[in-house]
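Reckoned from all heavy atoms, side chains included, excluding hydrogens, waters and symmetry mates. The structure presented is a predicted model; accordingly, all values stated were derived computationally and were not measured. Note on naming: letters A, B, ... go to the chains in the order of the sequence lines (proteins, then strands), and numbering restarts at 1 for each one.
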There are 2 protein chains.
Amino acid sequence: MSRHREFNEPEALEKAMMTFWQQGFEDTSYDDLVRATAVSRYGLYSAFGDKKQFFLRALDYYLDQHRGEMLGPLHAEGASLPAIRAHFSRVLDKVDDPGQKVGCMLCNTAIELAQFDKAAEDKVHEMFAEIKAAFKKAAKNAIKKGELSGDTSANQIADYLFGLMMGGAMLARSPIERSKIRNFIKTGLAGLK
Amino acid sequence: MSRHREFNEPEALEKAMMTFWQQGFEDTSYDDLVRATAVSRYGLYSAFGDKKQFFLRALDYYLDQHRGEMLGPLHAEGASLPAIRAHFSRVLDKVDDPGQKVGCMLCNTAIELAQFDKAAEDKVHEMFAEIKAAFKKAAKNAIKKGELSGDTSANQIADYLFGLMMGGAMLARSPIERSKIRNFIKTGLAGLK
DNA sequence: ACAATATAAGAATGATCATTCTGAAAAGAG
DNA sequence: CTCTTTTCAGAATGATCATTCTTATATTGT
């Protein structure tokens with residue numbers, strides 16, 4: 001009956017996501033996406049919609065890809081301080097990855113787009129809440145196990161760890177030496193009590 | 001002999017700076033600047049040059065305005081832990097300022113522009129170094145006075161405080177609740193030792 | 001008041017961008 | 001094989017942008 005698509009949708013989405021991640025929403029043109037995916041403009045529009053819809057699809061793809069990897073261990077039954085430390089060890093691995101001066105796509109979106117676009121803002125809020133919840137659960141367990149004193153509430157610890165992670169991620173997009181980010185995270189974890 | 005300018009240059013620079021601060025480099029058009037300053041295109045071009053030169057002038061203006069206010073007390077003779085705490089109290093005042101969801105113009109530049117523009121990158125590096133140096137000096141004094149143990153080097157403390165400040169500033173541009181930023185900073189300072 | 005000159009206001013230019021449109025080609029149904 | 005339908009490739013469109021240019025006006029020394 002009809003011709004069908006020549007391109008692989010997930011592959012195109014992956015490449016578009018990388019472009020949006022690196023360059024942000026404003027600095028990425030639809031032509032950039034056509035070039036990056038090697039898919040026709042028509043194909044992209046019919047599969048992913050206009051630029052904003054495409055960006056939100058790419059962001060979802062990024063989040064799905066990273067959510068499990070980064071947050072999964074924190075959500076594991078009984079995860080506590082060691083899981084928190086392991087989490088930041090994974091964060092630092094990403095920070096150290098050479099050629100990765102792109103930071104975290106969620107943070108980038110929070111700063112660049114969330115102020116001006118409701119859908120982006122909602123997505124940021126949702127994910128921020130999920131991340132904080134994971135830290136809070138682990139902090140609670142850590143207090144229960146006596147790994148943390150409880151002098152600082154699990155809620156405050158969660159906000160703190162959230163800031164530590166997001167602060168590190170945002171610094172990772174800036175042209176700062178990686179060793180400073182490492183010092184920031186390491187010293188920040190050492191102060192937990 | 002000749003007509004002279006109708007506009008006040010510092011006033012125009014102030015207004016342009018606010019526009020660049022709020023909207024960033026990419027999202028600000030020269031028309032936005034003409035509107036914001038109420039100065040003719042010709043006047044702006046002849047006084048401030050093209051958009052990038054104008055942005056760098058505005059950034060310098062911002063930095064000059066904030067440098068003394070924010071870093072001065074940290075540089076005072078013998079400034080130590082209380083000066084550090086006072087500094088973050090000032091940071092939090094800015095974060096709490098309603099209507100101020102714009103973050104720190106230096107951080108915004110570090111994230112948006114420094115990756116793509118050498119002059120911006122240089123300026124960011126220079127200021128980052130200045131900020132870290134102020135923290136390091138105060139941390140040294142704090143260790144000397146016994147306010148900090150010295151288990152963590154002044155250099156590491158400085159990187160940590162730098163991250164705490166910049167992380168907070170970047171979160172301030174995101175649509176996150178202000179209380180979370182406050183928790184982040186407060187808990188972060190409580191962990192110093 | 002007049003001449004000289006810099007300014008103001010905004011029109012013109014050329015680039016880039018998002019989005020839509022237009023043949024030509026491809027793939028499956030009959 | 002042929003017809004239909006969808007895709008492809010990229011040209012066309014209309015908007016926005018940075019920058020330059022034009023024209024009329026304002027200012028000041030004489």
Just checking, any donor-acceptor pair under 3.5 angstrom between side chains of Gln65(B) and Glu14(B)? yes
Parallel, tilted or perpendicular: which one describes the rings of Phe54(B) and Tyr30(B), with boundaries at 30° and 60°? tilted
For DNA chain C, the residues among residues 17-41 of chain B that have a non-hydrogen atom under 4.0 Å from it: Ser40(B), Arg41(B)
So Asp32(B) and Gln23(B), do their side chains get closer than 4.5 Å, heavy atoms only? yes
All N/O donor-acceptor pairs, side-chain side in residues 181-193 of chain B, below 3.5 Å, sequence neighbours left out:
| residue | atom | partner | partner atom | Å |
| --- | --- | --- | --- | --- |
| Arg182(B) | NE | Asp96(B) | OD2 | 3.3 |
| Arg182(B) | NH2 | Asp96(B) | OD2 | 2.0 |
| Asn183(B) | ND2 | Asp159(A) | OD2 | 2.7 |
| Thr187(B) | OG1 | Asn183(B) | O | 2.7 |
| Lys193(B) | NZ | Ala190(A) | O | 2.8 |

Which value, rounded to the nearest 0.5 Å, describes the distance between Cys104(B) atom SG and Met170(B) atom CE? 8.0 Å
Rounded to the Å, how far apart are Glu9(A) CD and dT6(D) C1'? 15 Å
May I ask you to say what Phe54(A) touches in the nucleic acid, namely base, sugar-phosphate or nothing, with a heavy-atom cut-off under 4.0 Å? nothing
Residues in residues 44-53 of chain B with a heavy atom under 4.0 Å of DNA chain D, by number, are Tyr45(B), Asp50(B), Lys51(B)
Taking NZ, NE, NH1 and NH2 as the nitrogens, is one of them in Glu77(B) or Lys137(B) under 4.0 Å from a carboxylate oxygen of the other? no
Which whole-number value in Å describes the distance from Phe7(A) CZ to dA9(D) P? 11 Å
Parallel, tilted or perpendicular, judged at 30° and 60°: which one describes the rings of Phe25(A) and Phe20(A)? parallel
Tyr42(B) atom OH is separated from dT23(D) atom C1', nearest whole Å, by 13 Å
Could you check whether the rings of Trp21(B) and His66(B) sit parallel, tilted or perpendicular, using 30° and 60° as the cut-offs? perpendicular
